[in-house]
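What follows is one structure encoded as structure tokens, with my remarks underneath.
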Amino acid sequence: MRSPVTRRALVAASILIAALCAASCQRNDRGETNVLVIGAQPRITDPASGALTEPQAVLLANVAQGLVAFDPSGQIIPGLAERWNVTDDGLSYIFRLQTAKWPDGRKITAQQVARLLRRQISARSNNALKDTLGAIDEITPMTDRVIEISLTAPRPHLLQLLAQPEFAIVSENQGSGPFAISPKSKPDALLLRRSVTSLDDDLTTQEDVILGGRPAPDAIKAFIAGETELVLGGTFADLAYARSADLPKTALRFDPAMGLFGLVPARGSGPVADLAFRRLLSQAIDRQALIDALNVPGLLPRATILEPGLDGVPSPVAPPWMSTPIDQRRATLSAAAERMIGRLDAPVIRIALPDSPGAKIMLSRLASDWGALGIKVEDAEKGGPADLRLIDLVAPSSSPAWYLRSFRCGIVSVCDAEADELLNGARAATVPAQRYGLFTQAAQRMDDQQLFIALTAPIRWSLVSTQMQGFANNRFATHTLVGLRQRPDRDRGE
């Protein structure tokens, strides 16, 4: 027989369990997930108007999907298109649209989608990724629900590009799903809502996401206080805020992001216009010390535009000087700097960086590395034109094309005409082996000309509560808000 104390303990435990269950059931019934993106409050925007901020990109990807979309792990899944076929020669992609409507009830047609996509890649568009779709010949509606994209040459990465928020389907400030912005939204918190119907159509549930944007310190405080379950959009700039916070052990998550993180000449004059000087600057950087200061696990130093793991091209070969420890190459660098500085009259290198803790860490490291050679380093905001600017971008696909085309003449201040000719040849090439061979040659020229001082991969981080079982890190650092509370099927053993 249980003692009275034991019975009272069991009753108390039962009441506690019931209360917890009721709270849990109430939250699940509501289906509400709170998400913050670091930055301004997200608003629907037209990608043709220019580069997207992270809050804009997150909102567009979830309320204005493209023909295809990314799943949590970065794999391609249906979006507006329920299925698609690719011809054997790789020159035609035919998409069949799902039956869908705009939020105002109008039917979404292939004619509308074709027109909107053509607008994004038109000459007048400022879409940040329109150059990546330069091989598109025509976008043609074949029926109300079938659309064909024909190419001048095969592009196996087309679906990865079309899944990017830059190619979200937006019409008259309305998105195409999967979420819709509810009229019940508040100025500082959008209510995103979607209906989910079970496979047997017997049960329809509602999934709600409250989406807002806040500066990094405020978003982190909200996460710690339990006011939000997911924080997206972290970069190297604001990582120090997260590192200094008292976070749960598994909350801070890093994407294995691909892309570009480094410095590019901001003008075609001054010290950085000199190739030998750019090479000196690159070789003098202690990249590992910078990575250690930023405190990101698994991050590796890099001194080439391309990175390992890109499709069609061999992994880039690091320059020979990278194998020599920094303390062993400083004597040679100091001697070279002494000769140059006499000719350049003790230059001051001004760098355009965001106003952030991460930028201060970077500026401090560069000031130490380059200061040892007699070169002064300043934030460009202190006056005078910038000599170098930061590039911190995640690659939209696993193709080398985007990396190299980011440094063409007309885009950057210091370029190489011969590399541009190689890229033009690659764009026109119809044989994949020839195209990738031209990419390899262009990459070698660009690295030799030191058009980009690569440092490492871009840093992207999130804060994730244990309730977000549907969240996954991926190399595109893009995150769907669909099914955040659902454990992926593969984890359920289904």
- Item | S406 side chain to W402 backbone, donor-acceptor under 3.5 Å | yes

- Query: Using 4.0 Å as the upper bound for N to carboxylate O, is an ion pair formed by D131 and R408?
  - Reply: yes

- Query: Which pair of non-hydrogen atoms, one from R253 and one from T250, has the smallest distance, and what is that distance?
  - Reply: CD-O, 3.8 Å

- Message: Working to the nearest 0.5 angstrom, can you tell me the gap between L67 CG and L159 CG?
- Response: 9.0 Å

- Query: Does any N or O in the side chain of K130 come within less than 3.5 Å of the main-chain N or O of S122, such that one atom is a donor and the other an acceptor?
  - Reply: yes

- side chain to side chain contact (heavy atoms under 4.5 Å, CB included) involving P42 - partner list, sequence neighbours excluded: P55, L59, L190, L211

Would you tabulate the side-chain donor-acceptor contacts of residues 214-228 under 3.5 Å, counting partners in other chains and residues two or more places apart, or write 'none'?
unit_1	atom_1	unit_2	atom_2	d
T228	OG1	N34	O	2.9
T228	OG1	L230	O	3.3

- Qualifying salt bridge (charged side-chain N to carboxylate O under 4.0 Å, His left out) pairs with a residue from residues 46-66, counting only residues at least two apart or across chains: D46-R119

- Message: Using only atom types and a distance under 3.5 Å, with no angle test, would you say the side chain of Q450 pairs donor to acceptor with the backbone of R278?
- Response: no

- Message: Go through it in stages, so that I can follow the logic: the residues are F452 and T304, the test is side-chain contact (heavy atoms from CB on, under 4.5 Å), and I'd like the CA-CA distance, side-chain angles, deciding distance and then a yes or no.
- Response: CA-CA 8 Å; F452 178 59; T304 57; over 6 Å; no

Sequence neighbours left out, cut at 3.5 Å: what donor-acceptor pairs do the side chains of residues 293-300 make with other protein atoms?
none

- Message: If only side-chain N and O atoms count, and only distance matters, is there a donor-acceptor pair under 3.5 Å linking D71 with S73?
- Response: yes

- Yes or no on side-chain contact (heavy atoms from CB on, under 4.5 Å) for D255 and F476, after CA distance, side-chain angles and deciding distance? CA-CA 8 Å; D255 285 298; F476 299 114; over 6 Å; no

- Query: Would L192 and D208 count as a side-chain contact (heavy atoms from CB on, under 4.5 Å) if you check the C-alpha gap in whole Å, the side-chain angles of each, and the deciding distance to 0.1 Å?
  - Reply: CA-CA 6 Å; L192 310 185; D208 287 354; over 6 Å; no

- Does the pair R365/D292 count as a salt bridge with the N-to-O cut at 4.0 Å? no

- Looking at Y436 and G312, what are the two nearest heavy atoms and their distance? CB-O, 3.2 Å

- Message: Treating S125 as the side-chain partner and Q120 as the backbone partner, does any N or O pair qualify as donor plus acceptor under 3.5 Å?
- Response: yes

- Message: Would the distance check show the side chain of D369 and the main-chain N or O of D286 forming a donor-acceptor pair, the cut-off being under 3.5 Å?
- Response: yes

- Query: Just by distance, do the side chain of S176 and the backbone of I169 share a donor-acceptor pair under 3.5 Å?
  - Reply: yes

- Chi angles and distances behind the side-chain contact (heavy atoms from CB on, under 4.5 Å) call for V35, M468: CA-CA 10 Å; V35 179; M468 300 294 96; 5.8 Å; no

- Item | I210 side, atom CD1; T33 side, atom OG1 - distance, nearest 0.5 Å | 9.0 Å

- Message: Let me confirm one number: the OH-CG distance from Y241 to L239, rounded to the nearest 0.5 Å.
- Response: 11.5 Å

- Query: Would R485 and Q467 count as having a side-chain donor-acceptor pair, cut-off 3.5 Å?
  - Reply: yes

- Atom pair CE (M362) and CG (D392), whose distance is rounded to the nearest 0.5 Å: 8.0 Å

- Measuring from L129:CG to E166:CD, what's the distance to the nearest 0.5 Å? 4.0 Å

- Side-chain donor or acceptor of H479 paired with backbone N/O of L232 under 3.5 Å: no

- Message: If the threshold is 4.0 Å, N to carboxylate O, is there a salt bridge linking R106 and D104?
- Response: yes

- Residues in salt bridge (Lys or Arg N to Asp or Glu O under 4.0 Å) with D238, at least two apart? none

- Item | NZ/NE/NH1/NH2 to OD/OE distance under 4.0 Å, D379 and K360 | no

- Message: Under the rule for side-chain hydrogen bond (donor to acceptor under 3.5 Å, both in side chains), what residues qualify as partners of D311, not counting sequence neighbours?
- Response: H157, S398

- Task: Dump the intermediate steps for side chain to side chain donor-acceptor pair (under 3.5 Å) on W102 and Q112, then the final yes or no.
- Result: CA-CA 11 Å; W102 299 106; Q112 295 169 341; 3.0 Å; yes

- Nearest non-hydrogen partners of G259 and P458, listed with the distance: C-CD, 3.6 Å

- Query: Which pair of heavy atoms, one from W321 and one from R329, lies closest together, and at what distance?
  - Reply: O-NH1, 3.2 Å

- Query: Hey, does the side chain of N474 reach the backbone of T478 with a donor-acceptor pair shorter than 3.5 angstrom?
  - Reply: yes

- For R475 and A257, indicate whether the former's side chain and the latter's backbone hold a donor-acceptor pair under 3.5 Å. no

- Note on the structure: Tested for side-chain contact (heavy atoms from CB on, under 4.5 Å) against L404, the lone hit among L306, V313, L451, T440 is L306

- Is any NZ, NE, NH1 or NH2 atom of the basic residue among E207 and R193 found under 4.0 Å from an Asp or Glu carboxylate oxygen of the other? no

- Under 3.5 Å, is there a donor-acceptor pair between the side chain of N62 and the main chain of T480? no

- Message: Less than 4.5 Å apart, side chain to side chain, heavy atoms only: is that true for N127 and I121?
- Response: no

- For A61, which residues count as a side chain to side chain contact (heavy atoms under 4.5 Å, CB included) partner, sequence neighbours excluded? P165

- Task: Tell me, please, which residues at least two apart from Y93 pass side-chain hydrogen bond (donor to acceptor under 3.5 Å, both in side chains).
- Result: none

- Item | Partner set under side-chain hydrogen bond (donor to acceptor under 3.5 Å, both in side chains) for E82, not counting sequence neighbours | R96, R145

- Kindly compute the distance separating CG (L388) from CD1 (I453), expressed to the nearest 0.5 Å. 5.5 Å

- Item | Those residues that, when tested against Q56, pass side chain to side chain contact (heavy atoms under 4.5 Å, CB included) (two or more places apart) | T45, L52, T53

- Query: Which ring-ring contact (aromatic ring centres under 6.0 Å, His included) pairs, counting each pair once, include a residue from residues 284-303, with sequence neighbours left out?
  - Reply: none

- Can you name the side-chain hydrogen bond (donor to acceptor under 3.5 Å, both in side chains) partners of S282, sequence neighbours left out? R287

